[in-house]
Amino acid sequence: MKKIILAVLMAASVLAVSGCKKTQKKDGADAVSALKERGVFVLGLDDSFPPLGFRSEDNEIVGYDIDLAKEVAKRLGVDFRAQPIDWDAKEMELETGKIDCIWNGFTITEERKNALSFTEAYLNNDQVLVVRADSGIKALSDAKNKIIGIQSGSSAQEAVDDNAAFSASISKLIMFKDNITALNDLDIGGVDGVVMDSVVANYSIAQTKKPFIVIDESLANEGYGIGFRKNEPELRDAVWSILKEMQADGTVTAISQKWFGRDISTIN
């Protein structure tokens with residue numbers, strides 16, 4: 001009897017291990033095949049992050065990252081869908097399978113690299129301080145005792161924390177849902193400055209013509225990457241390989257010219 005029970009337990013164990021291996025293979029190595037079977041590439045983004053991903057006047061999600069991703073999806077042979085997400089919960093949205101990647105001015109950090117599978121940087125960026133032109137603030141040191149706003153869940157928080165002198169000098173740090181809301185509050189005097197991505201800041205100032213300036217000093221230099229689930233490096237590599245092809249054949253340059261007036265890509 002004991003031999004029979006032992007045999008049954010061993011068989012069950014083998015099946016469990018076999019099933020686990022199949023699941024791991026499906027979740028990891030077969031990520032590209034699974035994507036093609038689903039037939040749609042779902043990009044998670046903050047849809048108020050111009051010019052990388054934002055709402056047009058027609059309420060369509062457009063932007064530099066969107067154009068790149070649409071072409072990647074086309075070359076993968078699948079449809080494309082931009083899925084707005086809560087930026088504070090972006091990693092959870094990815095892990096639960098609601099999206100295939102986080103691609104929207106997503107700063108590469110060591111902490112995020114430990115949790116996600118990142119591409120190399122496709123754009124460079126700085127964390128900068130934006131102020132009203134008449135504020136009298138000309139340098140980071142002039143922000144002493146000022147109220148500063150940042151987007152919740154963004155790398156601006158890390159940039160502020162890592163700059164000990166700046167962090168200690170300001171009177172208060174206020175969190176906003178997105179950069180556009182933070183800039184609107186700056187416009188009406190609710191905050192004295194906003195720490196944010198230079199890519200977004202310069203584009204927003206150029207488009208809105210609001211009387212803002214970007215302080216020359218940078219709080220942090222960083223790169224934007226595309227984040228995938230940790231166990232899906234094959235999908236990451238497939239997307240990155242296509243982006244390199246797009247850079248080589250001039251597609252990335254054309255998209256960059258459209259949004260920035262020049263090629264600012266760091267691919268290849």
Exercise for review: Using modelled atom types only, decide if a donor and an acceptor are shared between the side chain of S256 and the backbone of V252 within a distance under 3.5 Å.
Suggested key: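 Such a contact is absent between S256 side chain and V252 backbone.
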Practice item. Group every Ile, Leu, Val, Met, Phe, Trp and Tyr by side-chain heavy-atom contacts under 4.5 Å, then state whether L183 and I174 land in the same group. Key: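 Linked within one cluster.
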**Study point:** Other residues, nucleotides, ligands: >12 heavy atoms within 6.0 Å of M175 CE
**Key:**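 It does: M175 CE has more than 12 such atoms within range.
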Review point. Is P50 close to V200 at the side-chain level, that is, under 4.5 Å between some pair of heavy atoms?
Key: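 SC-SC contact between V200 and P50 confirmed.
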Exercise for review: Evaluate the side-chain proximity of D187 to T208: yes if any heavy-atom separation is below 4.5 Å, no if none is.
Suggested key: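 Not touching, per the 4.5 Å side-chain cut-off.
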Check your understanding: Looking at residues at least two apart in the chain, or sitting in another chain, which of them share a side chain to side chain contact (heavy atoms under 4.5 Å, CB included) with T107?
Key ->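 Scan of T107 (side chain to side chain contact (heavy atoms under 4.5 Å, CB included), adjacent residues dropped) gives T109, R112, S155, D197, E222, Y224.
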Point to revise | Distance flag, aromatic centroids of W240 and F118, threshold under 6.0 Å | key: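 Ring-ring flag for F118/W240: false, centres at least 6.0 Å apart.
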Check your understanding: About how many Å separate CD1 of I99 and CG of L43, when rounded to the nearest 0.5 Å?
Key ->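 Output value for this atom pair is 7.5 Å.
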Practice item. Classify the angle between the aromatic ring planes of Y122 and W103 as parallel (below 30°), tilted (30 to 60°) or perpendicular (above 60°). Key: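 Answer is perpendicular, since the angle exceeds 60°.
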Check your understanding: To the nearest 0.5 Å, how far apart are CG in L235 and OG1 in T119?
Key ->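 It is 11.0 Å, given to the nearest 0.5 Å.
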Review point. Taking side chain as C-beta onward, heavy atoms only, is D134 less than 4.5 Å from P211?
Key: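 Side chain of D134 against side chain of P211, heavy atoms only: no contact under 4.5 Å found.
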Point to revise | Interatomic distance, R81 atom CZ to I61 atom CD1 [nearest 0.5 angstrom] | key: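 Here the rounded value is 10.5 Å.
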Check your understanding: Any luck finding a side-chain donor-acceptor pair between D249 and T251 under 3.5 Å?
Key ->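 Yes, side-chain donor-acceptor contact under 3.5 Å.
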Check your understanding: Are F212 and F49 linked, directly or through other ILVMFWY residues, by side chains that come within less than 4.5 angstrom of each other?
Key ->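 Yes, same cluster.
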Review point. With respect to S218, which candidate in L140, D126, N163, L129 satisfies the side-chain contact (heavy atoms from CB on, under 4.5 Å) definition?
Key: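 Only one of L140, D126, N163, L129 forms a side-chain contact (heavy atoms from CB on, under 4.5 Å) with S218, namely D126.
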Practice item. Determine yes or no for a side-chain-to-main-chain donor-acceptor pair under 3.5 angstrom, with D185 supplying the side chain and A182 the backbone. Key: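 No: the side chain of D185 does not pair with the backbone of A182.
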Point to revise | Residue pair N124 / T266, side-chain donor-acceptor N/O under 3.5 Å | key: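 Checked: N124/T266 side chains show no N/O donor-acceptor pair below 3.5 Å.
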Exercise for review: Check for a donor-acceptor pair, side chain of T181 on one end and backbone N or O of F176 on the other, with a separation under 3.5 Å.
Suggested key: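 Not at all, since once roles are kept as given, no pair shorter than 3.5 Å links the two residues.
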**Study point:** Atom pair CG/CG of D178 and D47 - distance to nearest 0.5 Å
**Key:**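 Here the rounded value is 8.5 Å.
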Check your understanding: Is there a donor-acceptor pair under 3.5 Å between the side chain of R229 and the backbone N or O of L94?
Key ->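 Pair found, side chain donor or acceptor close to backbone of L94.
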**Study point:** Pair D30-S33, side-chain donor/acceptor within less than 3.5 Å
**Key:**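 Absent: no donor and acceptor within the cut-off.
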Review point. Below 4.5 Å, heavy atoms only, C-beta onward: do V40 and V78 meet side chain to side chain?
Key: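 A side-chain contact under 4.5 Å is absent here.
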Review point. What are the two closest heavy atoms between A220 and A159, and how far apart are they?
Key: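 It is CB-CB, 3.9 Å.
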Check your understanding: Is it the case that one hydrophobic cluster holds both V42 and V239, taking links as side-chain heavy atoms less than 4.5 Å apart, direct or via other members?
Key ->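 Looking at the clustering, V239 is in a separate group from V42.
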Review point. What's the spacing between D162 CG and Q157 CD if we round to 0.5 Å?
Key: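 D162 CG to Q157 CD: 10.0 Å, rounded to 0.5 Å.
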Review point. Between A139 and I215, which heavy-atom pair has the shortest distance, and what is it?
Key: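 So the minimum-distance heavy-atom pair works out to CA-CG2, 3.8 Å.
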Check your understanding: Considering all heavy atoms of both residues, which atom of F106 and which atom of G227 are nearest to each other, and what is their separation?
Key ->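 Taking F106 first and G227 second, the nearest heavy atoms are CD2-N, 4.0 Å.
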Practice item. Report yes if some heavy atom in the side chain of V195 is under 4.5 Å from a heavy atom in the side chain of F166; otherwise report no. Key: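 They are in contact (side-chain heavy atoms under 4.5 Å apart), so the answer is yes.
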Check your understanding: Which pair of non-hydrogen atoms, one from N179 and one from M196, has the smallest distance, and what is that distance?
Key ->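 Closest pair (atom of N179, atom of M196, distance): OD1-CB, 3.5 Å.
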Exercise for review: Test Y64 against L68 for side-chain contact (heavy atoms from CB on, under 4.5 Å), laying out the working first.
Suggested key: CA-CA 6 Å; Y64 177 74; L68 290 180; 3.5 Å; yes
Point to revise | Path from V32 to M246 over hydrophobic side-chain contacts below 4.5 Å | key: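 V32 and M246: one cluster.
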Exercise for review: Answer yes or no: is there an ion pair linking D86 with K177, defined by an N-O contact shorter than 4.0 Å?
Suggested key: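 Salt bridge: no.
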Review point. Is a donor on one side and an acceptor on the other found under 3.5 Å between the side chain of T96 and the backbone of E93?
Key: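 It does hold such a pair.
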**Study point:** Ion pair check, E110 and K113, cut-off under 4.0 Å
**Key:**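 Yes, charged N to carboxylate O under 4.0 Å.
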Exercise for review: For the pair D65 (side chain) and G105 (backbone), establish whether a donor and an acceptor sit closer than 3.5 Å, ignoring hydrogens and angles.
Suggested key: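 Yes, D65 side chain to G105 backbone: donor-acceptor pair under 3.5 Å.
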Check your understanding: V130 and L186: side-chain contact (heavy atoms from CB on, under 4.5 Å), yes or no, with the steps?
Key -> CA-CA 9 Å; V130 180; L186 175 64; 4.0 Å; yes
**Study point:** Exam field: side chain K90 to backbone W87, donor-acceptor pair closer than 3.5 Å
**Key:**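 Yes, the answer is positive, given that a donor and an acceptor are paired below the 3.5 Å cut-off.
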Point to revise | side-chain contact (heavy atoms from CB on, under 4.5 Å) partner of I66, chosen from N104, L45, L52 | key: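 Between I66 and the candidates, side-chain contact (heavy atoms from CB on, under 4.5 Å) is satisfied uniquely by L45.
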Check your understanding: Around atom NZ of K230, are there more than 12 heavy atoms of other residues, nucleotides or ligands at under 6.0 Å?
Key ->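 For K230, atom NZ is crowded (more than 12 foreign heavy atoms under 6.0 Å).
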Practice item. Answer yes or no: is there a donor N or O on one side and an acceptor on the other, between the side chain of S241 and the main chain of A238, under 3.5 Å? Key: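 A pair under 3.5 Å: no.
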Point to revise | K210 NZ: over 12 foreign heavy atoms closer than 6.0 Å | key: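 Yes.
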Exercise for review: Taking only Lys NZ, Arg NE, NH1 and NH2, and the carboxylate oxygens of Asp or Glu, determine whether E71 and R75 approach each other closer than 4.0 Å.
Suggested key: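 Between R75 and E71 there is a salt bridge, with a charged N closer than 4.0 Å to a carboxylate O.
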Review point. Under 4.5 Å between side-chain heavy atoms, hopping through other hydrophobics if needed: is there a path connecting I255 to F41?
Key: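 Both belong to a single hydrophobic cluster.
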Point to revise | For the student: nearest non-hydrogen atoms of I213 and A133, plus distance | key: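 It is CG2-CB, 4.1 Å.
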Exercise for review: First locate atom NZ of K74, then atom CD1 of I242, and finally report the distance between them rounded to the nearest 0.5 Å.
Suggested key: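 The distance works out to 12.5 Å.
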Review point. Does the side-chain contact (heavy atoms from CB on, under 4.5 Å) test come out yes or no for R38 and L35, once each step is laid out?
Key: CA-CA 5 Å; R38 291 197 307 274; L35 173 66; 3.4 Å; yes
Check your understanding: Does the side chain of W259 pick up a donor-acceptor pair with the side chain of D67 at under 3.5 Å?
Key ->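 Indeed, the side chains of W259 and D67 share at least one donor-acceptor pair under 3.5 Å.
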Exercise for review: Could you list the residues that satisfy side chain to side chain contact (heavy atoms under 4.5 Å, CB included) with D192, not counting sequence neighbours?
Suggested key: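 Side chain to side chain contact (heavy atoms under 4.5 Å, CB included) check on D192 returns R132, K146, I147.
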**Study point:** Contact summary for I170 and A143, nearest pair of heavy atoms
**Key:**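 Result for this residue pair: CG2-O, 3.7 Å.
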Exercise for review: Check side chain to side chain contact (heavy atoms under 4.5 Å, CB included) between T253 and all other residues, then give those that pass, not counting sequence neighbours.
Suggested key: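 Applying side chain to side chain contact (heavy atoms under 4.5 Å, CB included) to T253 gives Q247, Q257, D263.
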Exercise for review: May I ask you to check whether S198 and N125 show a side-chain donor-acceptor distance below 3.5 Å?
Suggested key: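 Yes, a side-chain donor-acceptor pair sits under 3.5 Å.
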Exercise for review: Could you go through the side-chain contact (heavy atoms from CB on, under 4.5 Å) check for L116 and E95 one step at a time?
Suggested key: CA-CA 9 Å; L116 304 174; E95 288 305 315; 4.2 Å; yes
